[in-house]
Amino acid sequence: MTAVSSAPDPTTTARPAAGERVLCAMSGGVDSSVTASLLKEQGYQVIGAMMRFWPDDKRVDTFDSCCSPDAAYEARRVAEQVGVPFYLLDYREQFQRHIVGPFLDEYSRGRTPNPCVNCNTKVKFDELVKKAKMLGCRYVATGHYVKRVEVDGEVQFHRGDDPRKDQTYFLWGTPRDALPYILFPVGELEKPRVREIAAERGLLTAQKPESQNICFVPGKVQDFVAEHLPQSQGYIREISSGKVVGEHLGTQFYTLGQKRGLGLYQSHLVRFVVHLDPATNTVWVGDHEDCLWTGLKATNANYLLDLADLPAELEVQVRYRTAPVRARVLHTDAEGFELEFAEPQFAVAPGQSAVLYAGPRLLGGGLIADHARELPPLGQPPKKRPAAQG
C-alpha cells in the first residue's frame with residue numbers, strides 16, 4: 001500500500017467538454033433542478049429523467065418526501081422551464097429488490113442498514129448508467145454535493161465544497177469504471193448559492209424544503225419495521241454477567257449505542273445497547289466503555305483506486321453525520337478490509353458503512369461487520385420477573 005495524494009491542484013477539477021448528451025436524474029428537488037439548468041446553460045444536450053420507485057398501491061403517507069407522484073410532477077414542470085425533455089423511468093421492481101427487501105432483511109439480522117448507499121450503488125449509478133447508454137447519453141448527472149476531480153487523466157470523487165452537504169459518504173459503492181461518466185454540477189457550490197441560482201432562473205423548486213427521511217418510510221423507522229417483521233419476545237441481558245435486566249419484543253427494534261426506551265427492570269441504570277443477537281433473540285446492554293470499538297472489519301468492499309495504492313493510514317467515516325477519524329489499515333483484499341482506529345469509537349453499528357478517505361478524496365468503503373466478542377453464558381431466565389419500566 002502506498003500514499004495517495006490528498007490535495008490535488010484545484011485546477012484539475014474536471015468538466016468534460018460541452019455538447020455531449022447527458023441523462024440528468026431529477027427528483028423534483030432544488031439540487032437536481034439546478035443541475036439540469038446548469039448543464040443546459042453549459043451547452044450539454046440534457047435529458048431529464050426521474051426514477052419511479054413508488055408502487056401502484058402506495059399509501060397516502062409514503063414516498064411523499066421525494067420520489068413521489070407529486071415530485072415527478074414538479075420535476076416534469078422544471079424540465080419544461082429549463083427546456084429539456086423529461087422521462088419517468090420505471091424502477092419499481094429494482095427498488096423493491098435492491099433497497100426495501102435488503103433494508104428489512106438487515107434489521108431482521110440485528111444490523112442497522114443505510115438504504116441510501118444501496119440506492120446510489122445498485123440503482124442510480126448502476127441501472128441508471130446502463131439506461132443512459134441505451135439512450136445514447138455519454139454521462140449521467142445528479143444533484144449530489146460531490147466534486148468530480150481529474151488527476152493525471154483519472155477521475156476521482158472528492159468531498160463537496162459545502163461541508164454541511166457533502167454526500168460522498170453515500171457514493172463509496174459506485175462502480176469504479178462508472179466514475180468517468182458521472183457529473184456533479186453543484187458539487188462546487190454551497191446550498192444557499194444553489195437556491196439563489198434556482199431563484200434567479202425562476203425555477204419553481206427554489207424554496208422547496210429538503211427531504212430528510214428515508215423516502216419509503218412514513219414516520220418512524222421502528223413503526224415501518226414493526227409492520228413488516230414479526231415481534232418476538234426475548235430478554236435484555238447485561239454484557240458483563242449475562243444477567244437478565246429487561247425484556248423486549250424483537251432485536252430489530254434496537255441499534256448499537258441506544259440508551260433510551262430499553263425498558264429495563266431497574267430503569268435508573270444508564271445502559272447502552274452493545275450487541276444484538278437475533279439467533280438467541282437477545283439484546284445485550286452495558287456501560288459506555290462496553291460500546292467502544294478499537295477497530296472494525298468491513299465486508300462487501302468497493303475500491304475507487306487500485307488496491308495496491310490504498311494508503312496504510314487513512315481516514316474512515318462510520319456514520320454520515322460524524323467526523324472522519326484516523327485509522328491504520330491492518331488487512332485488505334477484494335472482499336473487505338480491517339482497520340484499527342487511532343482512538344476508540346463509540347457504537348460502530350454493523351450494517352452501516354465504513355467509508356475511506358485520503359483528505360477530501362473518496363477511496364471506497366464497505367459494510368461494517370458484526371463486532372466479534374466473547375459473550376457470557378445465557379444461563380436461566382428468572383422464574384418471576386418484576387414488571388418492566390421505562
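Atom CD of E289 is surrounded by more than 12 heavy atoms from other residues, nucleotides or ligands within 6.0 Å.
Look at D90 and R52 and you find no salt bridge, because none of the NZ, NE, NH1 or NH2 atoms lies under 4.0 Å from a carboxylate O. Between R328 and E338 no salt bridge is recorded (no basic side-chain N to carboxylate O distance below 4.0 Å). Using a cut-off of 4.0 Å between Lys/Arg side-chain N and Asp/Glu carboxylate O, E196 and R201 are scored as not salt-bridged. Between R326 and E343, no side-chain nitrogen of the basic residue sits less than 4.0 Å from a carboxylate oxygen of the acidic one, so the salt-bridge criterion is not met. Under the 4.0 Å criterion applied to side-chain N and carboxylate O atoms, E93 and R97 are assigned as salt-bridge partners. In summary, R111 and D105 do not engage in a salt bridge, as defined by a charged side-chain N under 4.0 Å from a carboxylate O.
The shortest non-hydrogen separation linking R21 to C137 is CG-SG, 3.3 Å. Of all heavy-atom pairs between R321 and R164, the closest is NH1-O, 3.3 Å. In this structure, V186 and G143 approach most closely via the heavy-atom pair CG2-O, 3.4 Å.
With rounding to the nearest 0.5 Å, the separation of CD in E154 from CG in L305 is 7.0 Å. Atom OH of Y91 is separated from atom SG of C119 by 11.0 Å, given to the nearest 0.5 angstrom. Expressed to the nearest 0.5 Å, how far CG of L203 lies from CZ of R77 amounts to 11.0 Å.
Between the side chains of D290 and H288, not a single donor N or O lies within less than 3.5 Å of an accepting N or O. Under the 3.5 Å distance criterion, with hydrogens and angles disregarded, a donor-acceptor pair is assigned to the side chains of E247 and Y265.
Checking each of V194, L39, D31, T142 against P185 for a side-chain contact (heavy atoms from CB on, under 4.5 Å) leaves exactly one that passes, namely L39.
Separation of the Y107 and F253 ring centroids does not fall under the 6.0 Å cut-off.
Sorted by first and then second residue, the side chain to side chain donor-acceptor pair (under 3.5 Å) pairs involving residues 269-281 (not counting sequence neighbours) are S232-N281, E238-R271, R271-D287, D277-T280, T280-T282. Applying the side chain to side chain donor-acceptor pair (under 3.5 Å) definition to pairs two or more places apart or across chains, those involving residues 345-355 are W172-S353.
Within the 3.5 Å criterion, the main-chain N or O of T322 finds a donor-acceptor partner in the side chain of Q317. Looking at D306, its side chain never comes within 3.5 Å of a backbone N or O of A308 through a donor-acceptor pair. Judged by distance alone, with hydrogens and angles left aside, the side-chain atoms of R237 form a donor-acceptor pair with the main-chain N or O of G242 at under 3.5 Å. Between the side chain of Q258 and the main chain of R260, a donor-acceptor pair closer than 3.5 Å is present. A donor-acceptor contact shorter than 3.5 Å is absent between the side chain of H144 and the backbone of V146. Between the side chain of N302 and the backbone N or O of G364 there is no donor-acceptor pair closer than 3.5 Å. For K191 (side chain) and D162 (main-chain N/O), no donor-acceptor pair under 3.5 Å exists by modelled atom type.
Counting heavy atoms from C-beta on, the side chains of K147 and D161 come closer than 4.5 Å.
Summarising the hydrophobic clusters (Ile, Leu, Val, Met, Phe, Trp, Tyr; side-chain heavy atoms under 4.5 Å, direct or chained), the residues clustered with F346 are V270, F272, L292.
Taking the six-membered ring where the residue is Trp, Y181 and Y139 present tilted rings, their angle falling between 30° and 60°. Aromatic ring orientation, Y169 versus Y320: tilted (interplanar angle from 30° to 60°).
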